[in-house]
Amino acid sequence: MTVRRKFIKQMVAGGLLLPPVSRILLGQESKRNMSALNQSAIQEIRIALIGKGGMGTADTQTALSVEGVKLVAVCDLYDTRLEQARKQWGEHLFITKDYHEILKREDVDAVIIATPDHWHQPISIEAMKAGKHVYCEKPVIHKIKEGKALIDAQQTSGVYFQPGSQGMASLGNRKARQLVQTGIIGKINFIDGQFTGAPGELGRYPIPEDASEETIWWKRFLGKAPWHTFDPQRFFYWRNWKDYGTGIAGDLYVHVLASLHFITGAIGPEKVYTTGGIRYYTDGYRDTPDVMLGYFDYPDRNNLGAFTVQLGANYVDGISRKWGSMDFRIVGSKGTIDIGWDKVTLKMLRSIDVRELEALEKIGQGIDTPVQTSENEITFQADNNYRGGHYDHFYNFFSGIRNKSPLTADVMFAVRSAAPALLSYMSYERGEVIYWDPENLKETKKK
């Protein structure tokens with residue numbers, strides 16, 4: 001037996017490869033049609049959707065694909081979306097523009113919150129106080145200062161709270177976590193994730209013909225954001241404005257940050273610097289960057305190495321076709337791991353034998369079968385019938401509720417993965433480095 005194989009086997013035997021909660025997610029949880037689900041399938045979970053935009057609709061569709069989940073109510077501020085909800089999911093739905101009506105209902109066990117970012121924390125807190133379990137789209141906070149109240153609300157209520165960084169629970173991330181924890185690629189020093197998109201036609205984005213103050217509850221949309229006269233551009237493309245989101249940082253960066261926190265066990269960077277600007281979409285219909293580069297320095301927390309994360313996004317790049325939440329790279333002193341939701345590629349400086357990985361705990365769904373593509377490269381690929389990281393994430397949420405088992409991505413994880421994204425935007429706005437205490441979730445001075 002090689003030294004490396006012996007090392008991996010010892011880690012598995014000693015239970016050192018993964019902490020208990022994650023081992024449940026990686027191992028036993030993958031046997032979806034056995035014990036836990038069979039025992040709890042009788043327990044129907046009734047959900048409500050708050051915010052039926054594109055992401056809210058996708059979340060709901062995925063949630064309903066998990067056995068034993070029923071949609072009973074939908075809230076949105078736009079009349080047409082409520083009409084669409086009944087056409088899509090049934091005339092039985094209770095529909096409303098006021099989320100308070102959702103939280104009062106006794107037939108709602110859990111809510112999906114897919115509103116603009118500035119509503120995530122306040123609605124989540126109200127929902128938890130009402131005894132509802134919460135699946136909240138990322139980032140779960142819009143301002144750093146909102147984190148403590150969100151954590152306190154969950155700890156006081158005892159309900160389940162999970163952030164919607166859906167790719168985090170994917171087979172690819174789980175396999176990458178296994179590999180990283182063995183130390184096979186050596187100490188980590190660099191993580192790279194890039195997002196690119198082809199430019200669209202410069203000018204206003206399409207707006208539905210029936211969009212008006214009669215069909216949209218504009219005052220509720222604004223909430224505590226600065227007052228602005230009715231502007232459907234802001235309602236339908238709220239991610240472009242800092243009053244309601246943080247653009248690239250909160251929409252995209254948080255995906256990679258959540259994944260790398262899960263894979264490495266990190267809780268946050270100590271230093272953040274971001275630059276960028278509005279380079280192409282200069283038509284006045286956004287005040288957040290269309291090109292952004294963020295850098296995050298992470299300390300060595302789990303003896304896996306201190307590393308720098310580079311996250312880039314360019315909405316005006318029609319060539320690269322990269323999407324970091326589904327494809328990013330971890331670089332170590334002995335090799336690299338390219339990570340996708342359903343595929344992982346391990347590349348080493350030396351030749352590698354697939355037998356070195358035999359001792360790893362089985363995850364299932366084909367991701368455990370290594371394929372040697374060259375002397376120093378191995379690929380892990382999920383089965384063709386794999387339902388994806390989005391399904392896995394919802395399954396984990398509902399399984400936690402049913403079985404009263406810990407979530408891998410709980411409220412503390414949610415805030416700690418959201419914080420670096422928000423810090424990134426803050427750094428861009430200030431034009432300066434931000435120093436951060438991830439343990440206590442507060443800014444610090446330069447060391």
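Atom set for the values below is all heavy atoms of this structure, side chains included, hydrogens, waters and symmetry mates excluded.
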CA sep, side-chain torsions, deciding dist, call: Ile339, Ile263, side chain to side chain contact (heavy atoms under 4.5 Å, CB included): CA-CA 10 Å; Ile339 304 158; Ile263 292 168; 3.8 Å; yes
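- The only member of Thr336, Val331, Ile330 that meets side-chain contact (heavy atoms from CB on, under 4.5 Å) when paired with Phe190 is Val331.
- With sequence neighbours excluded, the residues satisfying salt bridge (Lys or Arg N to Asp or Glu O under 4.0 Å) with Lys138 are Asp251.
- Residues Asp383 and Gln365 have side chains that never bring a donor and an acceptor to within less than 3.5 angstrom of each other.
- Across Asp192, Thr345, Asp338, a single residue satisfies side chain to side chain donor-acceptor pair (under 3.5 Å) together with Arg329, and that is Asp338.
- A donor-acceptor distance shorter than 3.5 angstrom exists from the side chain of Asp368 to the backbone of Gly364, with no hydrogens or angles considered.
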From CA spacing to verdict: side chain to side chain contact (heavy atoms under 4.5 Å, CB included), Asn302, Thr264: CA-CA 8 Å; Asn302 297 317; Thr264 67; 5.6 Å; no
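- Residues Phe397 and His393 place their aromatic rings such that the two centres sit no closer than 6.0 Å.
- Between Leu357 atom CG and Leu346 atom CG the span is 7.0 Å, to the nearest 0.5 Å.
- Note on ring orientation: taking the six-membered ring where Trp is involved, the planes of Tyr205 and Tyr237 are tilted (angle from 30° to 60°).
- Side chains of Asn376 and Ser351: a donor-acceptor N/O pair is absent below 3.5 angstrom, by distance only.
- For Tyr253 and Tyr425, the distance between ring centers is not under 6.0 angstrom.
- Under a 3.5 Å cut-off, the side chain of Thr246 and the backbone N or O of Leu422 do not form any donor-acceptor pair.
- For the residue pair Asp152 and Thr156, no side-chain donor N or O sits within less than 3.5 Å of a side-chain acceptor on the partner.
- Counting all heavy atoms, side chain and backbone alike, Thr115 lies closest to Trp238 at O-CZ2, 4.0 Å.
- Formation of a donor-acceptor pair under 3.5 Å by the Asp317 side chain with backbone atoms of Thr196 is not found in this model.
- Note on Glu137 versus Arg239: no salt bridge recorded, every NZ/NE/NH1/NH2 to OD/OE distance being 4.0 Å or above.
- For the residue pair Ser259 / Asn173, a side-chain donor-acceptor distance below 3.5 Å is found, with atom types taken as modelled.
- Side chain of Trp119 to backbone of Arg220: a donor-acceptor contact under 3.5 angstrom is found.
- Tyr386 approaches Ser170 most closely through the heavy-atom pair OH-CA, 3.4 Å.
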Stepwise side chain to side chain contact (heavy atoms under 4.5 Å, CB included) test for Ile207 and Gln233: CA-CA 7 Å; Ile207 298 295; Gln233 291 284 328; 3.5 Å; yes
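- Not one N or O on the side chain of His255 forms a donor-acceptor pair closer than 3.5 Å with the backbone of Gln166.
- Atom NZ of Lys148 is surrounded by 12 or fewer heavy atoms from other residues, nucleotides or ligands within 6.0 Å.
- Geometrically, Arg234 does not engage Tyr244 in a cation-pi contact defined by less than 6.0 Å to the ring centre and at most 45° from the axis.
- Listed here is the closest heavy atom pair of Val254 and Ser417: CG2-O, 3.6 Å.
- For Tyr135 and Phe394, the ring centers are positioned less than 6.0 Å apart.
- A salt bridge links Arg416 to Glu439: at least one charged side-chain nitrogen sits closer than 4.0 Å to a carboxylate oxygen.
- In this structure a side-chain-to-backbone donor-acceptor pair under 3.5 Å is missing from Ser320 to Lys322.
- Considering every non-hydrogen atom in both Ala114 and Gly56, the closest pair reads CB-CA, 3.4 Å.
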Test log, rule salt bridge (charged side-chain N to carboxylate O under 4.0 Å, His left out), inputs Glu146 and Lys224: CA-CA 13 Å; Glu146 297 176 347; Lys224 294 184 179 180; over 6 Å; no
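- Taking every heavy atom of both residues into account, Phe195 and Leu252 meet most closely at CZ-O, 3.4 Å.
- Remark: side-chain polar atoms of Gln381 are paired, donor with acceptor, to backbone N or O of Asp342 under 3.5 angstrom.
- Of all heavy-atom pairs spanning Ser124 and Val134, the tightest one is OG-CG1, 3.8 Å.
- In summary, the side chains of Trp89 and Gln84 do not present any donor paired with an acceptor at a separation below 3.5 Å, with no hydrogens or angles considered.
- His118 places a side-chain N or O within 3.5 Å of a backbone atom of Leu222 that can act as its donor or acceptor partner.
- Expressed to the nearest 0.5 Å, how far OG1 of Thr275 lies from OH of Tyr428 amounts to 8.0 Å.
- The aromatic rings of Phe413 and His261 lie perpendicular to each other, with more than 60° between the two planes, well past the 30° mark.
- A side-chain donor-acceptor contact under 3.5 Å links Thr62 to the backbone of Ala58.
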